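Numbers restart at 1 for each chain; the letters A, B, ... are given by sequence-line order, proteins then strands. What you see is a predicted model; the values in this text were computed from it and never measured.
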2 protein chains.
Amino acid sequence: MALRHAVLAALLDEELSGYQLAKAFDMGVANFWHALPQQLYAELAKLEKEGLVAGREVVQDTRPNKRLFRVTGDGLAELERFAALAAKPSFIRDDLLVKVQAADHLDAAELIARLTERAEFSEAKAAQFEALLKGMRGERPEGEFLRYGERIGPYLTCRRGRDFERANHDWCREVIAVLRARSA
Amino acid sequence: MALRHAVLAALLDEELSGYQLAKAFDMGVANFWHALPQQLYAELAKLEKEGLVAGREVVQDTRPNKRLFRVTGDGLAELERFAALAAKPSFIRDDLLVKVQAADHLDAAELIARLTERAEFSEAKAAQFEALLKGMRGERPEGEFLRYGERIGPYLTCRRGRDFERANHDWCREVIAVLRARSA
DNA sequence: AGCGACTACTCATATTCATGACTAGTCACT
DNA sequence: AGTGACTAGTCATGAATATGAGTAGTCGCT
């Protein structure tokens, strides 16, 4: 029941079309949630029907027309209601951890290959997040931006995303080192 | 399609009943996956039907009888097949991040309350993981255990869980500090 | 004697999430 | 003139996950 709130949160700062939203929620830039386009279009339709977002048609001559959505007063109220609820704990749920859990019974070389792939992926994503962060804070030092900047919510979640990917990367490297040492 | 593999991985080192498995997968000790009892019983039934795990009845006089499950040869082969596949990237998906994303539009005091709850929860869970780790490595220094210990898979995933919770804790504390500084 | 907590498990249902396929026009490149 | 990539979406269906409630006996406590 939280995809709807993720959508509302994403639309707070800018008017977006379903397509643009889908790109933001795609694995590239999803710092706080992840969803496929179909889910987003469906959720936007529901949110509009309930009056939590309002869409307006934008006619484009060269490309297909699009509908831009913004959060309504009711939508913001819904977000406030949601924020007052106790957040349910979040769990890691990761294929790769399952594989490492079984490490003692599996082929080390195969595992190292998976870990290497993931380490590279995580490093790339951390760099992406870092670039986003830099774009948000501009020339200001981070402390100043966090103290006086206008919009810090997206910055803070993006930082969590970056640190998560860094931690993934470091963990992968270390597991690789351990497996290598043992098979030597 | 990975709950089945998580179950197989969990049963590799010890024979467990559905109930014991459920406890391990419950929020207490779920270092690499999370699931509710009902899902586990259902999954165990399917795995047994497919011959990937084998159950045996254990008659108990004072408590209800139970069925202990172990992984079969086919089960291990299935895990090996799974380990050879590219692991899909994992995403954070967290209510609390959604709330912080909307921080600039919401009541700071309310948010700080949620963040404080989570910081405490994460700290407690990190401590739980730490205790588990200590139990696994015993008196040995960590480096030695990782180099020569018999079963390191569970240790490595548990470490990832501990570090994840520590990172959650630190992030919560910092977001709280930022929100406090701004509302002052 | 009654209450709540723990072991051990089952059934039914709802919600959420992921998958693949499809339309349809524009643009850049070769 | 054809290929592939990008914008902007829609439809249908299945798999995974979560929810709530229920059974049934044991144990310790007050």
Side-chain angles (χ1 to χ4, degrees), chain A residues 1-7 15-28 30 32-50 53 55-69 82 85 87-95 98, chain B residues 1-8 15-28 30 32-50 53 55-69 82 85-95 98:
Chain A
M1 205 56 180
L3 172 58
R4 64 189 309 105
H5 300 110
V7 169
E15 230 179 356
L16 293 174
S17 69
Y19 186 77
Q20 291 172 297
L21 200 58
K23 299 206 92 173
F25 272 70
D26 189 33
M27 48 177 269
F32 65 103
W33 206 266
H34 169 252
L36 299 165
Q38 298 93 318
Q39 298 174 47
L40 294 170
Y41 285 115
E43 198 62 50
L44 280 172
K46 267 204 286 181
L47 286 169
E48 190 177 22
K49 211 175 62 187
E50 295 170 35
V53 303
R56 65 184 178 91
E57 185 91 14
V58 172
V59 179
Q60 299 179 120
D61 42 334
T62 147
R63 298 182 209 176
N65 297 344
K66 61 180 174 183
R67 308 199 63 219
L68 292 183
F69 294 91
F82 171 67
L85 264 50
K88 50 187 71 160
S90 79
F91 302 102
I92 292 189
R93 183 172 274 185
D94 188 339
D95 275 14
V98 174
Chain B
M1 205 59 179
L3 171 59
R4 64 189 309 106
H5 300 109
V7 169
L8 289 172
E15 228 179 0
L16 292 174
S17 70
Y19 187 77
Q20 292 172 298
L21 199 58
K23 298 206 94 173
F25 272 73
D26 189 35
M27 48 178 271
F32 63 102
W33 206 267
H34 171 251
L36 298 165
Q38 298 91 320
Q39 299 173 47
L40 294 170
Y41 285 115
E43 198 61 50
L44 280 173
K46 266 204 288 181
L47 286 170
E48 191 178 22
K49 211 176 61 187
E50 295 171 35
V53 304
R56 63 181 180 96
E57 185 91 14
V58 171
V59 180
Q60 299 180 118
D61 41 333
T62 148
R63 299 183 207 175
N65 296 344
K66 62 181 176 183
R67 307 200 62 222
L68 291 182
F69 294 91
F82 172 68
L85 263 49
K88 49 186 72 159
S90 78
F91 302 102
I92 292 188
R93 181 173 276 183
D94 188 340
D95 275 13
V98 173

Practice task
Please report the shortest heavy-atom distance between Ala35(B) and Leu3(B), naming the atom on each side.
Solution key: CB-CD1, 3.9 Å
Completion exercise
Sequence neighbours excluded, the answer for salt bridge (Lys or Arg N to Asp or Glu O under 4.0 Å) partners of Arg67(B) is Glu48(B), Glu57(B)
Problem - Heavy-atom check, side chain of Lys66(A) versus side chain of Leu68(A), under 4.5 Å - result: yes
Problem - Degree of bending in the helix from dA1(C)-dT30(D) to dT30(C)-dA1(D) once both end axes are built from five pairs, to 10° - result: 30°
Kindly list each side-chain donor-acceptor pair under 3.5 angstrom involving residues 36-45 of chain B, sequence neighbours excluded, with atom names and distances?
unit_1   : atom_1 : unit_2   : atom_2 : d
Tyr41(B) : OH     : Tyr19(B) : N      : 3.2
Glu43(B) : OE2    : Arg4(B)  : NH1    : 3.1

Problem - Spacing between Gln20(A) atom CD and dA8(D) atom C1', to the nearest angstrom - result: 10 Å
Practice task
Encode nucleotides 15-26 of chain D as B, S and - characters from 5' to 3', where the letter depends on protein heavy atoms closer than 4.0 Å: B to the base, S only to sugar-phosphate, - to neither.
Solution key: -SSBBBB----S
Exercise for the section: Send over the distance from Leu40(A) CG to dT10(D) P, rounded to a whole Å. Expected result: 12 Å
Practice task
Round to the nearest Å and state the distance from Leu21(A) atom CG to dA8(D) atom P.
Solution key: 13 Å
Problem - OP1 or OP2 of dA8(D) under 4.0 Å from side-chain N/O of Lys23(A) - result: no
Problem - N or O in side chain of Tyr41(A) less than 4.0 angstrom from dT10(D) OP1/OP2 - result: no
Exercise for the section: Quick one: list whatever passes side-chain hydrogen bond (donor to acceptor under 3.5 Å, both in side chains) with Glu15(A), sequence neighbours left out. Expected result: Arg56(A)
Practice task
Take the protein atom CG of Leu68(B) and the nucleotide atom C1' of dC9(C), then report the distance between them rounded to whole Å.
Solution key: 14 Å
Practice task
Report yes if a side-chain nitrogen or oxygen of Tyr19(B) is closer than 4.0 Å to either non-bridging phosphate oxygen (OP1 or OP2) of dC9(C); otherwise report no.
Solution key: no
Problem - Closest non-hydrogen atom pair, Asp94(B) against Trp33(A) - result: N-CZ3, 3.4 Å
Exercise for the section: Please state how far atom CG in Leu44(B) lies from atom C1' in dC9(C), giving the value in whole angstrom units. Expected result: 11 Å
Fill in the blank from the handout: CZ (Phe32(B)) and CZ (Phe25(B)) are apart, to the nearest 0.5 Å, by 4.5 Å
Handout entry: Distance in angstrom units between Lys66(A) NZ and dG25(C) C1', rounded
Key = 16 Å
Completion exercise
Atom CG of Leu16(B) and atom P of dT7(C) are separated, to the nearest Å, by 14 Å
Exercise for the section: Would you check if Phe82(B) and Val98(A) make a side-chain contact, meaning some heavy-atom pair closer than 4.5 Å? Expected result: yes
Handout entry: Residues which pass salt bridge (Lys or Arg N to Asp or Glu O under 4.0 Å) with Asp95(A), listed by chain and number, not counting sequence neighbours
Key = none
Exercise for the section: Using a cut-off of strictly less than 4.0 Å, decide whether Gln60(A) has a side-chain nitrogen or oxygen near OP1 or OP2 of dA8(D). Expected result: yes
